[in-house]
Structures are given as C-alpha cells and as structure tokens.
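Sharing a structure with you now.
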2 protein chains.
Amino acid sequence: MSHTPPAQPTATKLISVFLIDDNEEFCTVFSAALSEDPNIRCSRCFTRCEHAIEFLQQEPEKPDVILLDIELPGMWGLDAIEPLKKVSPHSHIVMLTIHDHDRNIIRAVAAGASGYLLKSSTPAEVLSAIEATMTGGAPMHPIVIQKLLRMFPIQDIQDTDGDITEREKDILRYVVEGLTIESIAKELNVAYHTAKTHLKHIYAKLNVHTRSALAAKVLKQRLL
Amino acid sequence: MSHTPPAQPTATKLISVFLIDDNEEFCTVFSAALSEDPNIRCSRCFTRCEHAIEFLQQEPEKPDVILLDIELPGMWGLDAIEPLKKVSPHSHIVMLTIHDHDRNIIRAVAAGASGYLLKSSTPAEVLSAIEATMTGGAPMHPIVIQKLLRMFPIQDIQDTDGDITEREKDILRYVVEGLTIESIAKELNVAYHTAKTHLKHIYAKLNVHTRSALAAKVLKQRLL
DNA sequence: ATCGCAATACCCCGAACGGGGTATATCCTA
DNA sequence: TAGGATATACCCCGTTCGGGGTATTGCGAT
C-alpha cells in the first residue's frame with residue numbers, strides 16, 4: 001500500500017485533458033474542478049465531436065486524455081471514438097456520461113475507449129481515474145464494471161478443463177476459427193489423421209460430441 | 001455530477017469492515033487508515049481465513065465488507081471466498097492483494113468476490129471503493145479492469161450481425177449447445193428441413209461456413 | 001528398466017453437414 | 001395489391017464429421 005498523499009504533485013509533467021460535452025455549464029464547472037488538481041490541465045472544451053476532431057487534425061499538441069460525452073449534437077460520442085483515435089492515437093479516451101446501458105458500454109470499449117465513467121461520480125473520483133489512466137489503468141465506474149461482469153459468462157470455469165495439452169490447444173485455436181480438420185492439419189504441418197486424433201482426445205476430455213458444443217465450451221470457459 | 005464533499009458523513013449507518021491479512025503491520029496501519037473515515041468502522045482483523053470463518057459462524061453481526069488478502073498461511077484467500085459467503089451471505093468480499101495475475105482475478109470474480117483491489121492503491125482509493133461497493137458497485141483496480149477486458153473477446157462486435165430473425169435465434173441457441181439439426185428440429189417441433197433452411201440462412205447472414213465458426217461468432221459477438 | 005502419456009499416423013464406416021436448388025403460406029409494408 | 005421478408009418444407013449430392021479401432025516414437029517418472 002503506497003501512502004502517497006493525494007494532492008502532492010508527483011514529479012511527472014502535467015496531464016493535458018480535453019473535454020467534449022454539449023452542456024456548457026457542465027463544461028465550465030467541470031474543467032474548473034479538474035484544474036484544481038495541480039497535475040492536471042484541462043486545456044480545451046468542445047461541444048461537438050466534429051470540432052474536436054477538426055481541431056486535432058491541425059494541432060500538434062495532442063491531449064493525454066479526452067473526456068467524451070455520449071449524447072451530443074451531430075456526431076455521437078460513441079461514433080467519435082475511432083475518428084479521435086485516428087487523429088490522436090496516443091490520447092486515452094474516457095467516456096463520461098449518464099448513459100450506462102450495456103450496449104453503450106460494449107460499443108465504447110470495443111471502439112477503443114480506455115475508460116467509462118458516469119456523471120454520478122464526484123470530480124475527485126474522475127480525477128483519480130484520469131491519473132489511473134496515465135499509469136496504464138482502465139478507469140471504470142464501479143457500476144459499469146458490474147455490468148461488464150454480468151455480460152460475460154464467468155460461471156462454470158474450471159470444471160472439466162485442465163489437462164488439455166499444448167498441442168491440443170493448438171488444434172482448439174483453429175477449431176474456434178471454424179477450420180476443418182484438413183485445414184488445421186495443413187496449418188500445423190501434420191497429417192490429417194494426427195489432427196483428427198488430437199481432436200478426438202479433446203472431445204473425450206471435455207465430454208462434447210460436436211464442433212459447436214466444443215467451440216461454445218472453449219469460449220465460455222476460456223480454455224485457451 | 002454530484003458535488004458531494006468527500007468527507008461529509010452521509011446519512012447512512014456505519015459501514016462495518018473486516019480485514020483479513022497475515023501481515024500484522026499492514027493490518028494495524030490499514031485499519032487505522034480506514035477508521036479515519038467517519039463512515040467506516042474496521043471492526044476486526046484476522047490473520048487467517050479460518051479464524052474469520054470460525055468467528056462469523058457464531059457472530060450474529062456480519063460485516064458489510066470483508067477485505068481479503070490472497071496469499072495467507074493455511075487457507076488461501078481465493079478458497080475462502082465461498083466459505084465466507086456461506087457464513088455471511090450479505091457481506092461484500094473485496095480482494096486486496098498484490099497478486100494481479102489473470103487466473104486469480106478470474107477465480108475471485110467467479111467465486112463471488114465483489115471487487116478486486118491492489119495493494120498499490122492508496123488508502124483513500126480503497127475507502128472510496130468500499131463505499132462504492134455499498135451502493136451496488138464493483139470496485140476494481142484500474143489495472144485489474146484492463147486485464148479483465150483483455151480476457152474477454154469484445155473485438156469485432158457489430159460488423160456483420162443484425163438481421164437475425166427471432167426464429168433463427170431459436171436455432172442458434174441450440175447450435176451453441178451442440179445439438180444436431182435433427183435434434184434442433186425436434187426441440188422446435190418443425191421438420192428437419194425447416195431447421196436446416198434456417199441454419200443455411202444464418203450461415204449466409206453471418207458469412208460463416210462451419211458450425212464451430214458459427215458458435216464462435218455467436219458467443220464472441222453475443223448475438224443471442 | 002518399465003510404465004504411462006503425449007504426439008504422431010493410419011483404417012473403416014455410418015451419420016451428419018454444407019450448399020445448391022424449389023416451393024408454399026403468411027404477414028407487413030409500400 | 002403487389003412486393004418483400006419470414007417461416008415452413010422438401011430434394012440432391014459430395015464432403016466432412018464422430019467414433020471405433022491399432023500402432024510407433026519419444027520422453028519423463030518410477
């Protein structure tokens with residue numbers, strides 16, 4: 001446990017933050033709150049994604065963190081993630097929104113967002129989340145995490161698994177890609193019958209009898 | 001954004017916390033740090049899981065949160081999650097450890113841990129995480145979240161998906177169970193050929209050509 | 001030195017798959 | 001009311017699968 005006093009300026013350079021939110025009052029209040037931290041400078045606010053993207057195309061000084069709302073006039077935040085990543089690949093994009101629906105979370109994470117915070121957070125929480133982002137973390141609101149966990153089937157892990165050999169895992173990797181035994185054998189440079197034998201062993205170990213059940217089991221229990 | 005002043009005692013009752021960690025110094029220092037928050041009372045510390053479980057069997061006053069280390073003499077924290085849940089079902093169990101290996105994280109979450117914090121967190125971060133737990137959140141260290149996200153296949157969502165009809169989803173549900181067309185047809189009370197036609201349409205829509213690729217795509221993109 | 005296991009390779013055969021058709025009834029929308 | 005999507009059903013045919021064998025080589029533990 002590192003007992004770093006919260007507000008002590010660490011010896012790193014300023015964290016530069018952009019804020020994209022169409023609520024002007026929120027922008028004002030929140031960028032002020034951000035600036036109270038000596039490590040953070042909220043450089044610019046935008047009310048539309050398009051403006052931010054346009055700006056970043058010509059601006060050489062990219063921000064470290066982009067706080068991005070979802071519901072915006074014009075291009076929505078979710079659709080702005082990829083364009084933003086394109087014009088500023090090294091910026092961490094953190095969603096900051098009231099929308100906590102599963103679909104939005106998935107889409108944001110899939111599109112490359114580093115974090116997903118809710119506007120119900122206190123500014124202090126957002127601050128520490130931003131700092132966490134800079135050290136390789138992924139800031140997520142606890143509620144969001146719980147939703148993510150519910151979305152993924154972590155149940156019945158580690159029941160029948162275990163003794164799948166490395167070679168068998170090689171086979172499995174191609175099976176979940178949908179390859180036939182013949183193709184798998186070619187990929188692994190072994191005879192058709194060899195790959196087939198391996199697969200038979202896998203079937204026995206995992207107690208499945210079809211390709212689809214196998215693929216399902218492998219993915220659900222993360223056997224790779 | 002709720003501008004709640006951080007240290008203001010909210011109108012809820014005290015959060016009771018148990019701490020299980022074999023490092024006595026850590027226990028002392030950390031329970032002291034916890035007690036600085038007026039909302040939290042670190043009621044007891046244990047150096048072994050067995051002690052805590054034994055104690056809770058007779059103790060009617062269950063804690064709200066149990067902070068649990070992983071590496072412990074005797075029973076390890078991961079194996080203690082389920083017994084603890086048994087003797088105190090309403091306690092939120094939050095791992096607090098230096099072990100950030102994927103396997104541990106998965107096991108903890110699967111066993112029912114509400115959160116997973118790292119000892120590299122500041123006490124303040126742990127405090128706010130505990131409070132988040134009480135309001136339905138799942139506290140996770142940002143690093144842990146990132147690991148979790150990497151573990152789950154969230155990639156290529158939303159490319160070819162979409163227009164799968166309800167009836168086709170019925171078929172899909174059985175396909176990922178590993179049933180043959182014949183069995184699926186029986187389950188749905190339609191002719192063999194009907195189920196087969198549906199499946200052909202699915203193949204075309206999702207652009208796959210094997211059962212295993214289909215199952216993989218369905219699970220990875222959560223088409224059900 | 002032997003036992004076991006993993007990896008390799010081959011044989012056989014009935015069952016199921018994949019992909020190409022065609023066809024009907026229904027329902028919703030344009 | 002005509003067109004489009006959906007659910008239903010059937011035919012054909014070559015390929016692949018699933019499951020049952022057997023067998024050799026090599027490595028690590030006993």
Side-chain angles (χ1 to χ4, degrees), chain A residues 103 156-224, chain B residues 103 156-224:
Chain A
R103 185 106 198 120
D156 39 32
I157 285 180
Q158 98 249 20
D159 57 354
T160 352
D161 72 332
D163 47 354
I164 305 292
T165 70
E166 272 310 308
R167 201 50 167 164
E168 286 163 354
K169 286 185 184 177
D170 290 340
I171 305 280
L172 278 183
R173 274 181 268 276
Y174 290 106
V175 167
V176 298
E177 301 270 311
L179 299 202
T180 64
I181 292 182
E182 195 180 7
S183 316
I184 296 173
K186 272 179 191 153
E187 288 289 332
L188 295 178
N189 291 313
V190 293
Y192 166 86
H193 296 288
T194 307
K196 189 172 177 177
T197 303
H198 283 311
L199 193 52
K200 277 194 287 193
H201 293 160
I202 296 172
Y203 273 51
K205 285 180 181 176
L206 296 184
N207 192 34
V208 293
H209 311 278
T210 62
R211 286 285 216 287
S212 42
L214 176 60
K217 193 148 197 162
V218 166
L219 290 169
K220 282 183 183 167
Q221 307 195 5
R222 301 168 213 299
L223 299 178
L224 291 184
Chain B
R103 187 104 199 123
D156 39 35
I157 283 181
Q158 98 251 19
D159 56 351
T160 352
D161 72 331
D163 48 353
I164 306 292
T165 71
E166 271 312 306
R167 201 50 166 165
E168 286 163 353
K169 286 185 183 177
D170 291 339
I171 306 280
L172 278 183
R173 275 180 268 276
Y174 290 107
V175 168
V176 299
E177 301 272 311
L179 299 202
T180 65
I181 292 182
E182 194 180 7
S183 316
I184 296 173
K186 271 177 190 153
E187 289 290 331
L188 295 177
N189 290 313
V190 293
Y192 166 87
H193 297 286
T194 307
K196 189 171 177 177
T197 303
H198 284 310
L199 193 53
K200 277 194 288 193
H201 293 160
I202 296 172
Y203 273 50
K205 285 180 181 176
L206 296 185
N207 192 37
V208 292
H209 312 279
T210 63
R211 284 285 217 287
S212 42
L214 176 60
K217 193 149 197 161
V218 166
L219 290 170
K220 281 184 183 168
Q221 308 195 3
R222 297 163 219 298
L223 299 178
L224 292 183

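Letters go in sequence order (proteins before strands), and every chain restarts at 1. Basis for what follows: all heavy atoms, side chains included, without hydrogens, waters or symmetry-related copies.
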If every non-hydrogen atom of B:L219 is compared with every non-hydrogen atom of A:A215, which pair is closest and at what distance?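 Scanning both residues completely, I find the closest heavy atoms to be CD1-O, 4.3 Å.
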
Here the distance between atom P of D:dT16 and atom CG of A:L179, to the nearest Å, is 13 Å

Going by heavy atoms in the side chains, are B:L188 and B:H198 under 4.5 Å from each other?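 B:L188 does not reach B:H198 side chain to side chain.
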
Whole Å only: how far is the CD1 atom of A:I184 from the C1' atom of D:dG18? 14 Å

May I have the distance from A:E182 (atom CD) to D:dC17 (atom P), rounded to whole angstrom?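 Value for this atom pair: 8 Å.
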
Between B:L206 and B:E168, is there a side-chain heavy-atom distance shorter than 4.5 Å?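 Answer no - side chains too far apart.
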
Base-contact (B) and sugar-phosphate-only (S) positions in nucleotides 3-11 of chain D, heavy-atom cut-off under 4.0 Å, - elsewhere: ---SSBBBB

Side chain of A:R211: nearest nucleotide among D:dT16, C:dG18, D:dG18?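 Out of D:dT16, C:dG18, D:dG18, the nucleotide with an atom closest to A:R211's side chain is D:dG18.
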
Distance-only, no hydrogens or angles: does the B:Y203 side chain make a donor-acceptor pair with backbone N or O of B:R211 under 3.5 Å? yes

Between atom CG in B:L206 and atom C1' in C:dG19, what is the gap in whole Å?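 It works out to 16 Å between those atoms.
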
Give one of base, sugar-phosphate or nothing for B:L199, where a contact means two heavy atoms less than 4.0 Å apart. nothing

By side-chain hydrogen bond (donor to acceptor under 3.5 Å, both in side chains) - contacts of A:T180 (at least two apart): A:S183

Whether B:S212 side chain and A:V175 backbone form a donor-acceptor pair below 3.5 Å: yes

Between P on D:dG18 and CD1 on B:I181, what's the gap in Å once rounded to a whole number?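 After rounding, the reported distance stands at 13 Å.
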
Expressed in angstrom and rounded to an integer, what is the separation of B:I171 atom CD1 from C:dC17 atom P? 12 Å

